[in-house]
Structures are given as C-alpha cells and as structure tokens.
Amino acid sequence: MLDAHRTAQAIADTTPANLESAGAALVEVDGRHVGELVSIPESKLAGKKWAGVQFARADLTRSALRLLDDGEVWVPGEATVGRVPLCPLAELGEIGPDRRRLVDGFERTTSQTAYPMVEGHDTEQRKSLVCIPDAYLSPLVTPKGGQRPGYGEHLWQQAGRLLVAERLWLETNRVIAMRTHTRVLSNVWWPVKIEEIAHEKALAVWLNSGLGLLTLLAQRTSTRGGWVGMKKADLEQLPVLDVRAITPQQLQAMSQLFDDVAEEEFERLPAMADCVARRRLDDGLTAILGLPDLDGLRRLLASEPVVTNRGL
DNA sequence: TCCGAAGTAAGCGCACCTGT
DNA sequence: ACAGGTGCGCTTACTTCGGA
C-alpha cells in the first residue's frame with residue numbers, strides 16, 4: 001500500500017511535463033513508478049469535464065486531447081500525424097431510452113414479440129461486432145410510473161441497430177459497440193437509431209478502433225474503478241468519425257471492413273495490443289483514412305491501469 | 001396573455017441482488 | 001468474492017393548465 005503523504009510529497013517535488021511538448025514527468029515513490037504529471041493550459045479544458053485526468057500516461061492524455069480538440073491523430077512514437085473529420089454522435093443518430101424507461105413500459109419475456117432486445121453483457125456472448133437479439137419485450141397494457149397507455153410503443157420508436165455500451169467492465173469487455181440486423185432496445189447498451197446502414201457499420205468500426213476507444217475512455221464516468229458508465233448526455237456529445245464528411249469510396253470501404261471483420265472474435269481489452277481482430281480493424285481504418293499506424297496507441301491503451309486493473 | 005402551479009417524461013445513482 | 005445486473009426513488013426539465 002502506498003503512503004498517501006509520500007505520494008503527495010513526490011507529486012509536489014516533481015515538475016510536470018508540458019502537455020504541448022513531449023515527455024513524461026514520472027512520479028516515483030520508493031523507486032516505483034506510480035504516475036505521471038502533466039500540466040494543461042486551462043483553455044484546453046474548456047467544455048471537457050474530465051479531460052486530463054482520465055489516463056495515467058501523459059502520452060495518452062496528449063493523444064486524446066489532440067483528437068478531441070480538432071481531429072488530429074497523433075500516435076506516440078509515430079512521426080506523422082493524421083486528421084479525421086469528427087462530429088458529435090447525436091448529429092448522426094438518435095440515442096435511445098435509458099434502461100429505467102424499459103421497466104415502466106415493458107415486461108421481459110423469452111417468447112417472441114415484435115420488440116426484440118439485447119440483454120446483458122456476458123463476455124462469452126458479446127465477442128464480435130455483430131449480435132443477435134436474445135430476449136423480447138412485451139408492452140405493458142398499464143405502464144408503470146404513471147406513464148400513459150401505449151408507452152411501450154412510444155419507447156420502441158427509439159429502438160436502433162447500433163449499440164454502444166451503456167456501462168462495461170473494462171477488464172473483461174471485448175467490444176464497446178455492436179450492430180444488430182434488426183432494431184432493438186437493451187438494458188445495458190444504448191441503442192442508436194441511424195437510417196443509413198453504411199453509417200452504422202462505419203461507426204461500429206470507428207468506435208471499436210483504437211481511436212474510438214480513446215475517445216470513449218476519455219468521456220467515461222468511472223464508478224467501481226474499471227466498471228465504467230457512459231451517460232447519455234456524454235454519448236450525445238462524443239466526437240465520432242463524421243461519416244457524412246468522408247468520400248463515398250471511404251464510406252463504402254468502412255462498410256466493407258465491418259463485413260470482413262464482423263464474425264471475428266475480439267480479445268478482452270487488456271489483450272487488445274495483440275488482438276488479431278482489433279489489429280485488422282485498426283489497420284483497415286488507417287489504410288482507408290490515411291492515418292499513422294495505431295499500434296503504439298493500442299499498446300498504451302492496453303496497459304492503462306483502468307483497463308488492466310493494475311498499476312503502471 | 002401572463003405566470004405560477006400542476007402534471008408528465010426522462011435520466012441518474014444508489015442499494016441491493018445473483019450466479020459462478 | 002467478483003462480474004454483472006436489477007429495481008426504483010429521486011431530481012430535473014419541459015409542458016400544459018387555469019385563473020385573473
């Protein structure tokens with residue numbers, strides 16, 4: 001167990017590295033590397049409530065802020081930088097109802113209804129970019145919580161085929177976004193209602209790439225350490241690849257990349273550095289968008305304490 | 001037609017539950 | 001004990017109502 005006072009002393013004695021330059025100011029206690037200090041201009045933090053404190057490594061903070069700021073793709077150790085068009089997720093689709101709403105509008109059933117849902121996070125079942133509904137909802141004739149009759153159908157209007165984790169256990173999670181062939185609601189995934197299938201597929205690719213993961217982790221709300229949640233308001237503002245701003249050929253290629261990788265099994269996040277499926281996804285993305293190799297980024301993300309549930 | 005009151009919808013967080 | 005999930009009270013924001 002680290003002594004809090006001595007850690008504080010070590011922090012006070014260390015001169016932080018500058019965000020805009022390179023390098024890391026290591027904080028050491030008894031010769032152990034316990035963290036890194038980085039100073040960030042206040043102007044960089046405007047509107048990004050957790051920016052700067054989400055990652056233990058200064059280089060990930062740099063990558064995240066540069067990406068979130070203006071779509072600059074900087075991978076530690078890579079000589080060239082790339083650029084991607086980003087926009088808030090809410091501009092591309094509508095995010096569905098909070099799980100609390102389902103309790104008021106439906107009851108769950110195993111018998112088939114017209115209202116399928118994706119239930120749960122079981123990492124043995126959520127291994128790839130595609131998933132199939134595994135439970136059904138039945139609208140309550142008399143909704144709970146004082147909602148009016150027909151509340152279930154009302155909620156159903158917000159069902160979607162792109163699913164983004166509403167909360168997840170970073171240590172065991174494999175994919176943070178998936179796509180279903182049919183519209184669904186879910187208890188632990190946010191459904192995102194998007195009209196164009198190519199957009200859905202491209203976003204599923206983006207979100208699971210190293211860059212998507214970096215932005216999502218930067219927006220996360222931590223509760224029990226590696227057990228993190230995504231708030232609806234944060235997800236709406238989450239910068240994602242603006243699929244309207246890339247060329248039709250690029251969009252088509254992203255969609256094809258989704259299909260190519262769709263059935264592959266992803267490793268758990270701490271093993272992402274050497275995960276074959278994730279590497280294919282990243283390599284495909286960088287080839288299509290002309291970006292630097294994301295390998296270094298994937299390695300840093302894989303070793304983040306919040307992902308591994310261990311120290312640096 | 002103004003404005004506070006009342007009604008309604010939605011999202012968050014906490015306590016607690018459960019299967020391995 | 002841990003990974004993962006449930007139930008639901010509560011707050012907040014928006015909408016509608018109704019009386020002067």
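As the structure is a computational prediction, the values presented were derived from the model and not from experiment. Below, each value reflects all heavy atoms present in this structure, side chains not excepted, and no hydrogens, waters or symmetry copies. Below, chain A is the first sequence line, B the second, and so on; all start at residue 1.
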For [N], does either OP1 or OP2 sit under 4.0 Å from a side-chain N or O belonging to [X]?
X: A:K231; N: B:dG13; value: yes
X: A:Y151; N: B:dA10; value: yes
X: A:R100; N: C:dG9; value: no
X: A:N187; N: C:dT6; value: yes
X: A:H154; N: B:dA9; value: no
X: A:R99; N: B:dA10; value: no

Of all the choices, [options], which nucleotide is nearest to the side chain of [X] once you look at every atom?
X: A:E119; options: B:dC12, C:dA3, C:dT6; answer: C:dT6
X: A:E171; options: B:dT8, B:dA10, C:dA3; answer: C:dA3
X: A:R167; options: C:dA3, B:dT8, C:dT6; answer: C:dT6

Heavy atoms under 4.0 Å, any strand shown: does A:G120 hit a base, just sugar-phosphate, or nothing? sugar-phosphate
Are A:T182 and A:T180 close enough that a side-chain donor and a side-chain acceptor fall under 3.5 Å? no
For A:L102 and C:dG5, what is the distance between atoms CG and P respectively, to the nearest whole Å? 14 Å
